[in-house]
Amino acid sequence: MTDKAAGEIDLEAEYNNRARVLDHMAPMARWQATAEAARTSHPPEVIAYGSGEREVMDLFSAGPDAPIAVFLHGGYWQALDKDWFSGIAPALLHHGVSLAVPSYDLAPTVRLGTILKQVRAAVDLIRERNGGRRPVVFGHSAGGHMSACMLSEARASAAVAISGVFDLRPLVHTSLNTALDLDDNEAAALSPIFWPVPNGSTPGGTILDCIVGGDESPEFLRQSRMMADHWANNGVQTRYEALPGLNHFTVLEPLLEPDSAMVGRIVALAKA
């Protein structure tokens, strides 16, 4: 943004993580390397959840009766796909938890509302394959947003939102909105901070973890704290944690370690 008034937040600097973290390609290269290794050692089953080319997901199975978690990837709904994140699978498989990682169509080819419909279809198919049991849903950045959406809609047994954006209205005023093409009303309508709170009145889960890197922008810290506080005040069991020394990209590195607290938390939620 330019020509900011005194004290106005520079939303571009706060939300444009690739510009903020100049060496973001280094952790992204690790995502790719670990993903390739995981796909070689644990070839996934590729499952279509729709008719589109990107309406597919990888299922890394820990066995026919294993609990399952669904990971929703980030990229501001306009970048990346499932193949970047296969490296998460080995840590969960080590603990006997299966992992599903869907791709979805990207903006500007489709609108964000369509992406949410696709993610719903993927999560619902995993639930159907899992004997009707709702999966734990966790995700990063845009995936953190969608994880909270799935919990609000009673599609998840619990959600872990990593570096999520829960109020999309600030994005309207950034370059990130070039592809998304949101106005303030649509951004608000697609923001889970304004959605029904899963307080036990619906059959889904009532646990939401909001995790963020301690070195992320003040706005990302605020968004996670705001979401955790708001839902906690309305009957949800929430947990907020800022992980010291981690930025928007390195915050995923604990998911690669079987003994990390983040993996342990997802395993515990999946097995609950």
Counterpart residues, side chain to side chain donor-acceptor pair (under 3.5 Å), relative to Glu241 (two or more places apart): Arg239

Pairs satisfying salt bridge (charged side-chain N to carboxylate O under 4.0 Å, His left out), at least one member in residues 13-36, at least two apart: Arg30-Glu253

Residue pairs involving residues 40-54 (criterion side-chain hydrogen bond (donor to acceptor under 3.5 Å, both in side chains); sequence neighbours excluded): Glu45-Arg129

Close side-chain approach of Thr114 to Trp77, heavy-atom, < 4.5 Å: no

Lys271 atom NZ, neighbour heavy-atom count above 12 within 6.0 Å: yes

Note, Val212 side chain near Leu243 side chain (heavy atom, < 4.5 Å): no

Below 3.5 Å, can you tabulate the donor-acceptor pairs from side chains in residues 90-100 to any protein atom, sequence neighbours excluded?
residue	atom	partner	partner atom	Å
His95	NE2	Pro258	O	2.7
Ser98	OG	Ala62	N	2.8

With sequence neighbours excluded, residues passing salt bridge (charged side-chain N to carboxylate O under 4.0 Å, His left out) with Asp105: none

Residues forming a salt bridge (charged side-chain N to carboxylate O under 4.0 Å, His left out) with Asp181, sequence neighbours excluded: Arg111

Donor-acceptor contact below 3.5 Å, side chain Thr174 vs main chain Leu176: yes

pair Tyr240-Leu221: side-chain heavy atoms closer than 4.5 Å: yes

For Arg222, all residues meeting salt bridge (charged side-chain N to carboxylate O under 4.0 Å, His left out), sequence neighbours excluded: Glu219

Donor-acceptor pair, side chain of Ser141 and main chain of Gly143, under 3.5 angstrom: no

Any donor-acceptor N/O pair, Ser152 side chain to Pro196 backbone, under 3.5 Å: yes

More than 12 heavy atoms from other groups under 6.0 Å of CG on Asp65: no

Heavy-atom side-chain proximity of Phe85 to Leu252 below 4.5 angstrom: yes

Where at least one partner belongs to residues 101-138, residue pairs that pass ring pair (Phe, Tyr, Trp, His ring centres under 6.0 Å), sequence neighbours excluded: Phe71-Phe138, His73-Tyr104

Residue pair Val137 / Ala156: nearest heavy atoms and the distance that separates them: CG2-CB, 3.7 Å

Residue pairs fulfilling ring pair (Phe, Tyr, Trp, His ring centres under 6.0 Å) with at least one residue in residues 242-262, sequence neighbours excluded: His24-Phe249, His140-His248, Phe220-His248

Sidechain-backbone polar pair: Gln78 side chain, Tyr76 backbone, donor-acceptor under 3.5 Å: yes

Validation row: Met262, Leu256 side chains within 4.5 angstrom (heavy atoms): no

Side-chain touch Asp58/Ser86, heavy atoms, less than 4.5 angstrom: yes

Check residues 161-168 and write down every donor-acceptor pair under 3.5 Å in which the side-chain atom is one partner and the other belongs to a residue at least two apart or another chain.
residue	atom	partner	partner atom	Å
Ser163	OG	Glu216	OE2	2.4
Asp167	OD1	Arg169	N	3.1
Asp167	OD1	Arg169	NE	3.0
Asp167	OD2	Arg169	NE	3.3
Asp167	OD2	Arg169	NH2	2.8

Val263 backbone acceptor or donor facing Ser260 side chain under 3.5 Å: yes

Qualifying residues under salt bridge (charged side-chain N to carboxylate O under 4.0 Å, His left out), relative to Asp183, sequence neighbours excluded: none

Within-4.5 Å side-chain heavy-atom neighbours: Arg155 and Arg127: no

Neighbour count >12 (heavy atoms, 6.0 Å) for atom CD, Glu186: yes

Identified side-chain contact (heavy atoms from CB on, under 4.5 Å) partner of Leu59 from the options Val46, Ile68, Leu125: Ile68

For Asp83, side chain to side chain donor-acceptor pair (under 3.5 Å) partners two or more places apart: Arg39

Check: Val236 main-chain N/O paired with Asn199 side-chain donor or acceptor under 3.5 Å: no

